[in-house]
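Supplied in structure tokens, the structure appears directly below.
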Amino acid sequence: MTESGFPTKKLAEDWGAEQEAAIRVGAWIDPVKLGTPFGKWVEIWKKGNRRRPRTQSSRAYLLPPPLGWLSA
């Protein structure tokens, strides 16, 4: 049998209920990831959010034409 780390079963259940509630509303933070330095998170974010070269050109049709077209 292992030790739970909580003095009472009720405290353990209450903590578990709080964690589950945080997960349901999207507010839960992984305690392992709390130790990640900010600079490391920036690098992770940059790798996951690189712009693809064709994105801008393939969506050009969404932009209005330049104002010069009015005088033509």
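Side chains included, hydrogens not; waters and symmetry mates left out as well; all remaining heavy atoms used.
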Applying side chain to side chain donor-acceptor pair (under 3.5 Å) to Lys33 and not counting sequence neighbours gives none
Applying salt bridge (Lys or Arg N to Asp or Glu O under 4.0 Å), name anything that partners Lys47, two or more places apart in sequence or on another chain.
none
Once rounded to the nearest 0.5 Å, what's the spacing between atom CG of Asp30 and atom OG1 of Thr36?
8.5 Å
How long is the gap from NZ on Lys46 to CH2 on Trp41, to the nearest 0.5 Å?
15.5 Å
Take a 6.0 Å sphere around CD1 of Ile29 and say whether it holds more than 12 heavy atoms from other residues, nucleotides or ligands.
no
